[in-house]
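Okay, structure first, notes after.
Counting starts at 1 for both ligands and their atoms, following the listed order.
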Amino acid sequence: MISFLDLKKINEPYETAFQEKLKSVLENGWYILGKEVETFERAFAEYCHSKYCIGVGNGFDALVLIFKGYIELGKLQKGDEVIVTANTYIASILAILQADLIPVLVEPRLETYNINPDLIQEKITPKTKAILAVHLYGQLAEMERINAIAEKNNLIVVEDCAQSHGVNANSNIFKSQISNSGDLARNLKSKINNLKSASAYSFYPGKNLGCLGDGGAITTNDSELAKVLFSLRNYGSEKKYHNEFIGVNSRLDELQAGFLNLKLPNLDTDNEKRRTIAKRYLAEIKNDKITLPFWDFSNNHVFHLFVIRTENRENLQEYLTQNNIQTVIHYPIPPHQQKAFKEWNNLSFPITEKIHREVLSLPISPVLNDLEVDFIIEVLNQY
Ligand SMILES: *Cc1c(COP(=O)(O)O)cnc(C)c1O
């Protein structure tokens, strides 16, 4: 069986180093907010071309704390509306709600699975105060357009980078890759991590940069926001037993930070391996029944997932299973049709619904080998 994502194989090369790291943390005898977290925060900030990185408990908390931070700074207020793509993973939407803000769903583009900037303006009301841009499946959302809309309407832009570690890391490579695939490609080309915004990362084991448990981080260039966030994640206290804000306990674990310090140096190489596989899928899968995802072949995609569309999805998934290829559906039910959101169940988002009906994620990861890719392509072409 070709597994969808072989996490054991991904972490195997680090086994000895992980054990040494555990030993060193044990010898240090300091388990919360120690040297490993500090080192990781410095390294990850630099990697993301950001001034600050704040390690937190998970990706969901990273999003919630960004919103809470802006509320503490008076830049957002409870009840403000936040624009978000309707087909995102539910965590993006739950995080907005958790911060007492109101998610406003906008349809994505069928080609990129990311929010369609053409549809944002009509959803903006006097209560709209932010856009949560999700770089879904690892592809950069159309940040140039999104930032322009935000600027025009005086909105904060927050980025959900839980699936896109490294997409904005090499901004110089990014800028030098001039693609010729038209307007859509040009729209995608923009440097993110701008001065006013903040980005949320998850280090859940299956993400492009994953630890051995839960973990997350926020990056930002905003020193005021960073100061509030360093405090909010730690009971709202910067100085022990002096509480400035109503904070939470959401700290990146010292041991997990230690593991991440070992894995971060390989993130670019791992993402490049994912892109190499994506290139082969795009060039070699030739089947009228399968729609391949849009990519302009620049570094604006880190292929957390390779998501195809097909009309008779259950049929294709069953065929692949019979051929020993494991696939996953990201995601089977759109957020607005979930039981948890009863008041949205009658809303209609045709593009989102089509995506949730037709998408199927093929295996893609730094440890998927050439023979496995050959086989997956061959099986798909015979479908
Ligand atoms: C994984 C994910 C999150 C949440 O991250 P956790 O670490 O699981 O809390 C948020 N948004 C998106 C798009 C994700 O894929």
Side-chain angles (χ1 to χ4, degrees), residues 4-5 7 10 40 44 53-68 82-99 101 103 105-106 108 112-115 130-141 143 146 157-168 192 197-219 229 233 248-253 256-257 259-260 263 271 274 293 301-307 328-336 338 340 352 355-356 359 361 364-365:
F4 176 70
L5 179 65
L7 280 179
I10 284 179
F40 179 73
F44 198 64
C53 168
I54 302 97
V56 296
N58 53 65
F60 175 75
D61 283 355
L63 287 166
V64 176
L65 289 172
I66 291 171
F67 291 124
K68 287 195 168 176
V82 180
I83 301 267
V84 65
T85 189
N87 63 318
T88 186
Y89 177 54
I90 200 147
S92 326
I93 292 168
L94 291 173
I96 295 170
L97 288 167
Q98 186 69 32
L101 302 167
L105 307 180
V106 172
T112 63
Y113 308 118
N114 274 328
I115 195 165
I131 301 175
L132 176 57
V134 186
H135 310 306
L136 202 67
Y137 306 153
Q139 180 159 238
L140 198 65
M143 293 313 293
I146 292 169
V157 179
V158 175
E159 289 167 53
D160 183 339
C161 301
Q163 302 189 358
S164 63
H165 315 67
V167 79
N168 54 343
I192 59 176
S197 76
S199 305
Y201 289 87
S202 161
F203 306 121
Y204 180 83
K207 309 285 182 170
N208 287 29
L209 177 62
C211 54
L212 305 185
D214 276 313
I218 298 160
T219 59
L229 290 171
R233 71 159 178 198
V248 298
N249 175 358
S250 184
R251 302 172 292 224
L252 177 60
D253 190 83
Q256 298 301 341
F259 297 151
L260 290 167
K263 292 182 81 175
N271 283 341
R274 288 171 182 272
H301 207 326
V302 292
F303 285 96
H304 173 58
L305 298 170
F306 191 93
V307 180
V328 178
I329 298 166
H330 297 93
Y331 302 91
I333 305 170
H336 71 279
Q338 294 283 0
T352 297
I355 287 172
H356 286 77
V359 287
S361 307
I364 191 164
S365 86

Original post:
Looking at OG1 of Thr352 and CG of Asn87, how far apart are the two atoms once the value is rounded to the nearest 0.5 Å?
Top reply: 5.0 Å
As a test of reading the model: which N/O atoms of the protein lie under 3.5 Å from N/O atoms of ligand 1, and at what distance?
{"residue": "ligand 1", "atom": "5 (O)", "partner": "Ser202", "partner atom": "OG", "Å": "3.3"}
{"residue": "ligand 1", "atom": "7 (O)", "partner": "Gly59", "partner atom": "N", "Å": "2.8"}
{"residue": "ligand 1", "atom": "7 (O)", "partner": "Ser202", "partner atom": "OG", "Å": "2.6"}
{"residue": "ligand 1", "atom": "9 (O)", "partner": "Gly59", "partner atom": "N", "Å": "3.3"}
{"residue": "ligand 1", "atom": "9 (O)", "partner": "Phe60", "partner atom": "N", "Å": "2.9"}
{"residue": "ligand 1", "atom": "11 (N)", "partner": "Asp160", "partner atom": "OD1", "Å": "3.3"}
{"residue": "ligand 1", "atom": "11 (N)", "partner": "Asp160", "partner atom": "OD2", "Å": "2.8"}
{"residue": "ligand 1", "atom": "15 (O)", "partner": "Gln163", "partner atom": "NE2", "Å": "2.8"}
{"residue": "ligand 1", "atom": "15 (O)", "partner": "Lys207", "partner atom": "NZ", "Å": "2.7"}

Subject >> Minimum-distance pair of heavy atoms, taken over all atoms of Ile364 and Leu5 >> reply: O-CD1, 4.3 Å
Sub-3.5 Å donor-acceptor pair from the side chain of [X] to the main-chain atoms of [Y], do we have one?
X	Y	value
His356	Pro332	no
Arg274	Phe303	yes
Tyr137	His330	yes

Can you list, pair by pair, the side-chain donor-acceptor contacts under 3.5 Å of residues 202-216, counting residues two or more places apart and other chains?
{"residue": "Ser202", "atom": "OG", "partner": "Tyr204", "partner atom": "N", "Å": "3.1"}
{"residue": "Asn208", "atom": "OD1", "partner": "His304", "partner atom": "ND1", "Å": "2.9"}
{"residue": "Asn208", "atom": "ND2", "partner": "Asn271", "partner atom": "OD1", "Å": "2.9"}
{"residue": "Asn208", "atom": "ND2", "partner": "Val302", "partner atom": "O", "Å": "3.0"}

